[in-house]
Amino acid sequence: MLTASEINAFVENGYIIRQNALSETDIQTYRNAIDRILHKCRVEGLHANHLRYIDGERDDIWGVNNIFHPSIREQALVNALAHPEILDVIEALIGKRLRYHLCTLLVSAERKPYHINWHRDSAPDGEVPRETLLSRLRSHVQLNGALYDDETLYIVPGSHRRELTDAERTVLQQTPKAAMPNQLTVKLEPGDIVFYNSSLLHKGYNIAGAKRQTLHYAVVVAPPQTKPANPESPTSQEWLNEPTFLDRLPPRLKPLFDNWLKYG
Ligand SMILES: O=C(O)CCC(=O)C(=O)O
């Protein structure tokens, strides 16, 4: 599924882009599903506590979290996680023992510019010890799957495997949206997917409001089978424990959600 050089690029550079991973039919199916979700969120006012609001003000959004919540769930977007061009790639990058982490949508805002600060997902200030970063080289995969042309994600290739440079620290502390040395704009066409390490320094920038609908999913390596389960089920996203959700999961996704329920 992946060449050795693609796997090596993911480890070394922190990302790989798979072009034309999604078919025209996939793209249209996912766009239609996202249109329905956005209608529910923006027009019907559903799911309000799970939206990514611009500037924290509840009048414009750049994303929808927890898209498997029953009030907005679209089976096509559940099935998308099992798409061979997604799940086979994730397995090739980090192995077959997986746990669900998040499924989110990233969308263009309607009225306000979208520009978020440089960060690593686990540390908004970017300060993570090198040993921790090195322990995460194949611990998880995050992806942006574009359904329209998407040049919103900016990254610093290779930054996931080292501590901040002085120049990066200065940007993060003083001008956290400014140009970063060695930054790269991830350019995706509809159907392209970038798979990346979320410890990369990255930011989102869609100042002109170009139409965006992008799947933003993440999967992590599950703990070893010998690790005892958490005595209590996870308290967040409790709907992932409902038979109406679990019974309709594609078979390949069942272990990912079993591990979510087991380890939280
Ligand atoms: O808009 C993007 O692609 C970046 C999103 C992001 O940085 C995040 O969700 O942490």
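Just follow the structure's listing: the first ligand is 1, and inside any ligand the first atom is 1. The chain is numbered in sequence order, starting from 1.
For atom 6 (C) of ligand 1, the nearest non-hydrogen atom of the protein is Ile116 CD1, 3.7 Å.
Using a 4.5 Å heavy-atom cutoff, the side chains of Arg161 and Glu12 are in contact. With contacts defined as side-chain heavy-atom distances shorter than 4.5 Å, the pair Leu77/Leu105 qualifies.
Contacts of Asn144 with ligand 1, taken as heavy-atom pairs under 4.0 Å, involve the side chain alone. For Arg52, every heavy-atom contact with ligand 1 shorter than 4.0 Å involves the side chain, none the backbone. Under 4.0 angstrom from ligand 1, there are no non-hydrogen atoms of Thr214.
Checked by atom type, the side-chain pair Thr214/Asp150 shows a donor-acceptor distance below 3.5 Å.
Cluster partners of Leu164, by chain and number: Trp118, Tyr154, Val156, Val171, Leu172, Met180, Leu201, Tyr205, Ile207. The rule joins Ile, Leu, Val, Met, Phe, Trp and Tyr whenever side-chain heavy atoms lie under 4.5 Å apart. Taking a 4.5 Å side-chain heavy-atom cut-off between Ile, Leu, Val, Met, Phe, Trp and Tyr, the cluster of Leu133 extends to Val128.
Under the 3.5 Å distance criterion, the side-chain polar atoms of Asn66 are left unmatched by any main-chain donor or acceptor of His69.
Under the side chain to side chain donor-acceptor pair (under 3.5 Å) rule, Ser198 has a single partner from Gln142, His160, His140, which is His140.
Heavy-atom proximity to His216, at under 4.0 Å, picks out these atoms of ligand 1: 9 (O). Residue-ligand proximity, His202 to ligand 1, at heavy-atom distances under 4.0 Å covers atoms 6 (C), 7 (O), 10 (O). In the vicinity of Leu153, heavy-atom distances shorter than 4.0 Å reach the ligand 1 atoms 3 (O), 4 (C). Using a 4.0 Å cut-off to heavy atoms of Tyr114, the atoms of ligand 1 that qualify are 1 (O), 2 (C), 4 (C), 5 (C). Distances below 4.0 Å separate heavy atoms of Leu106 from the following atoms of ligand 1: 1 (O), 2 (C), 3 (O).
Under a 4.0 angstrom heavy-atom cut-off, Arg212 registers as being in contact with ligand 1. Using a 4.0 angstrom heavy-atom cutoff, Tyr205 does not count as in contact with ligand 1.
Residue His119 places at least one N or O, backbone or side chain, under 3.5 Å from an N or O of ligand 1.
Outside the 6.0 Å centre-distance limit, the rings of Tyr100 and Tyr217 are not counted as a close aromatic pair.
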